[in-house]
Amino acid sequence: MPELPEVETAVRELRPLVVGRVIRGAWSTVPRQLGRLTIRQLASRVRGQRIGSVTRRGKYIVIELERGIVLVHLRMTGRLFVSPTEAKPHVHLRAGFVLDDGHETLYFKDPRTLGTIGYYSSGEAIDSLNVLGWEPLEESVTGAMLRDALRKRTQAIKPVLLDQSLWAGIGNIYASEVCWVAQIDPRTPANRLSAAQCDRLCQAVPEVLSLALERGGSSLRDFMSPEGNYGAYQKEFRVYDRVDEHCDRCGGVIKRIVQAQRSTYFCGTCQKRR
DNA sequence: CCGACAACCTGTGAGC
DNA sequence: TGCTCACAGGTTGTCG
């Protein structure tokens, strides 16, 4: 489900709901999602720790405790929210962190169970986050920096935008949207982008992501923020999921192709190479 | 190094 | 109504 705008929305809403609270217990119904730790190990390590902060790096949610860090990745269908503790949680509630006196739980809902929840020492957490690339909304990347980073990359630019070690946080929706804004053919080999195209990409990435964030992200199917809000950016998609519709810029027809096993949407008329 | 593909999972919607 | 298939916001690993 979530790319940077959705994860950032989740973090901002979660923060006031959980920071300062003490984790009283933890459980999971899908041990595979916990990485190396068993359910019992996770529970014993987080028990009694106060939540110090909730932040984001790329698509990871970083929950800092007193003696370690919980890293949550929502993957496709994950969602975090706080609600009253249920005696028999719905089957899609795959994990929970019981808070304070036990009346409320920080739930992890994840129908597809592809998400991950890991508990790490701060050193381990930093190491795993360090492989991520630029933060699109915090680091200003110049066309020259981008061009240099893409120098040896022959793959098409759109799938390259999904590489989290370049920019962290761009996913399949915004990769297509960014290419439309920058007027770049998503099939262009990354190392063949002109200087002007790199400049436009560097503008388009923060522009698209920050507008999406302002709208609370995009809601496809069931995406919902921790407070239960739906994002609104899906109303402003220029190309994503709009095959055969007309381009807002030139009236051309929007196409769908598959790159690296993911759908790509673009205008066949105004997103030309060069 | 690169691209293609499978795998990890469940749910939904379209088409027949 | 019920079946099958394609597809879904992500990432990782294998193979040629």
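Proteins come first, then strands; the chains are lettered A, B, ... in the order of their sequence lines, and each starts at number 1. In this text the structure is predicted, and so the values were computed from the model without any measurement.
- B:dT10 sits 22 Å from C:dT1 when the C1' atoms are compared, rounded to a whole Å.
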Under 3.5 Å, N/O pairs linking protein and nucleotides 6-8 of chain B:
{"unit_1": "B:dA6", "atom_1": "N7", "unit_2": "A:Gln261", "atom_2": "OE1", "d": "3.0"}
{"unit_1": "B:dA6", "atom_1": "N6", "unit_2": "A:Gln261", "atom_2": "NE2", "d": "3.2"}

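- In this structure, A:Gln33 atom CD and B:dT10 atom P are separated by 10 Å, rounded to whole Å.
- Taking the ring centroids of A:Tyr240 and A:Tyr233, they lie at or beyond the 6.0 Å cut-off.
- When the C1' atom of C:dG10 is taken as reference, atom CG of A:Leu161 falls 15 Å away, rounded to whole Å.
- In this structure, A:Thr77 does not reach the B:dG11 phosphate: none of its side-chain N or O atoms is under 4.0 Å from OP1 or OP2.
- With P as the reference atom, C:dG10 and B:dC1 are 25 Å apart, rounded to whole Å.
- Taking only side-chain nitrogens and oxygens, A:His92 never comes nearer than 4.0 Å to OP1 or OP2 of B:dT10.
- Within the structure, side chain to side chain donor-acceptor pair (under 3.5 Å) pairs that include any residue of residues 140-150 of chain A comprise A:Asp148-A:Arg151 (at least two apart or interchain).
- With both ends at atom P, the span from B:dA7 to C:dA6 equals 15 Å, rounded to whole Å.
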Please tabulate, for side-chain N and O atoms in residues 123-132 of chain A, each donor-acceptor pair with protein atoms closer than 3.5 Å (sequence neighbours left out).
{"unit_1": "A:Glu124", "atom_1": "OE1", "unit_2": "A:Ser121", "atom_2": "N", "d": "3.0"}
{"unit_1": "A:Glu124", "atom_1": "OE1", "unit_2": "A:Ser121", "atom_2": "OG", "d": "3.4"}
{"unit_1": "A:Ser128", "atom_1": "OG", "unit_2": "A:Glu124", "atom_2": "O", "d": "3.4"}
{"unit_1": "A:Ser128", "atom_1": "OG", "unit_2": "A:Ala125", "atom_2": "O", "d": "3.0"}

Seminar exercise, completed: Output field dot_bracket for DNA chain B (Watson-Crick or G-U, both distances under 3.5 Å, | for other-strand pairs) contains .|||||||.|||||||

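- In this structure, A:Lys59 reaches the C:dG10 phosphate: one of its side-chain N or O atoms is under 4.0 Å from OP1 or OP2.
- The list of side chain to side chain donor-acceptor pair (under 3.5 Å) pairs with a residue in residues 63-72 of chain A, not counting sequence neighbours, reads A:Ser53-A:Glu64.
- The other residues sharing a hydrophobic cluster with A:Phe81 are A:Trp27, A:Leu93, A:Val98, A:Tyr107, where clustering joins ILVMFWY side chains under 4.5 Å apart.
- Here A:Thr116 lies out of heavy-atom contact (under 4.0 Å) with every strand.
- A straight line from OH of A:Tyr240 to P of C:dC7 spans 12 Å, rounded to a whole angstrom.
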